[in-house]
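These notes are about the structure you will find just below.
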Amino acid sequence: MNCWLIKTEPSTWSWDDQKKNKTTSWDGVRNYQASNNLKAMKIGDLCFFYHSVTGKSIVGIVQVIRTYYPDSTDETGRFGMVDVGYVKELAKPVSLETLKADLRLSNMALIRQSRLSVMPISSEEWKIILEYSV
DNA sequence: GCCAACGTTGGC
DNA sequence: GCCAACGTTGGC
């Protein structure tokens, strides 16, 4: 199983929305690198749910429930999406500041490539981040 | 196929 | 609100 981190601006789609709706189509990705990451996701893969701009924290975990398929909101037909379902909320959100302060996480794409919206997370990184969330 | 101009993302 | 980083577009 692989682990991921997906970003969203709370004004567009927030953790509260996710909690209320349980599942959602992760549409709107318009970047090839991010889209390729979506394509590599498998059913059951876990994703950290990150609030960008407002919050700048990992707030919860979702799980892939449908693999890559065409994004109906993309007129060019170039990009796809996956469906994700609510798994759980972190007891404590993990802020970008916290992640940046831990040198073991300094290779994370979240830090090195701030504009990428879908990125893989190594199992070591996943574990470290989870420890901050309790 | 190069690159300038432009648009977008997201941290600060 | 600003701006750095970076992706995309389109003229040549």
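Note that the structure is a prediction, hence the values are computed from the model and not measured. Chain identifiers are assigned alphabetically (A, B, ...) following the order of the sequence lines, protein sequences preceding nucleic acid strands; residue numbering begins at 1 within each chain.
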Problem - Arg115(A) side chain to Ser52(A) side chain, donor-acceptor N/O pair below 3.5 angstrom - result: no
Handout entry: dC6(C) phosphate, OP1 or OP2, under 4.0 Å from Tyr32(A) side-chain N/O
Key = no
Practice task
Figure out the CH2/C1' separation between Trp13(A) and dT9(B), and round it to whole Å.
Solution key: 21 Å
Handout entry: Which atom of Gly80(A) lies closest to which atom of Tyr68(A), heavy atoms considered
Key = N-OH, 2.9 Å
Fill in the blank from the handout: To the nearest angstrom, the CG-P distance between Leu110(A) and dG11(B) comes to 7 Å
Exercise for the section: Decide whether Phe49(A) and Leu110(A) are clustered together by the hydrophobic rule: side chain heavy atoms of Ile, Leu, Val, Met, Phe, Trp, Tyr closer than 4.5 Å, transitively. Expected result: no
Practice task
Specify the separation, in whole Å, of atom CD of Gln113(A) and atom P of dA4(C).
Solution key: 19 Å
Completion exercise
Whole-Å distance, Leu116(A) CG to dG7(C) P, equals 9 Å
Exercise for the section: Residues of residues 93-105 of chain A with any non-hydrogen atom less than 4.0 angstrom from an atom of DNA chain B: list those, numerically ordered, please. Expected result: Leu96(A), Lys100(A)
Problem - same_hphob_cluster(Leu116(A), Val29(A)) at 4.5 Å side-chain heavy-atom cutoff - result: no
Practice task
Check whether any side-chain N or O of Lys7(A) sits under 4.0 Å from OP1 or OP2 of dG10(B), and answer yes or no.
Solution key: yes
Problem - Leu90(A)-Leu46(A) co-clustered via ILVMFWY side chain contacts under 4.5 Å - result: yes
Practice task
Using atom CE of Met119(A) as one end and atom C1' of dG10(B) as the other, report the distance to the nearest whole Å.
Solution key: 11 Å
Practice task
Rounded off to whole Å, could you give me the CD1-to-P distance for the Ile58(A) and dG10(B) pair?
Solution key: 14 Å
Exercise for the section: Share the residues that join Phe79(A) in a hydrophobic cluster, the rule being Ile, Leu, Val, Met, Phe, Trp or Tyr side chains under 4.5 Å apart at the heavy-atom level. Expected result: Tyr32(A)
Practice task
Examine the base of dT8(B) for any acceptor or donor lying under 3.5 Å from a partner atom in the side chain of Arg115(A), and report the outcome as yes or no.
Solution key: yes
Problem - Aromatic contact, Tyr86(A) with Trp15(A) (centres under 6.0 Å) - result: yes
Handout entry: Between dT9(C) (P) and Arg30(A) (CZ): distance, integer Å
Key = 12 Å
Problem - Rounded distance in Å - CD1 (Ile111(A)) to P (dC6(C)) - result: 15 Å
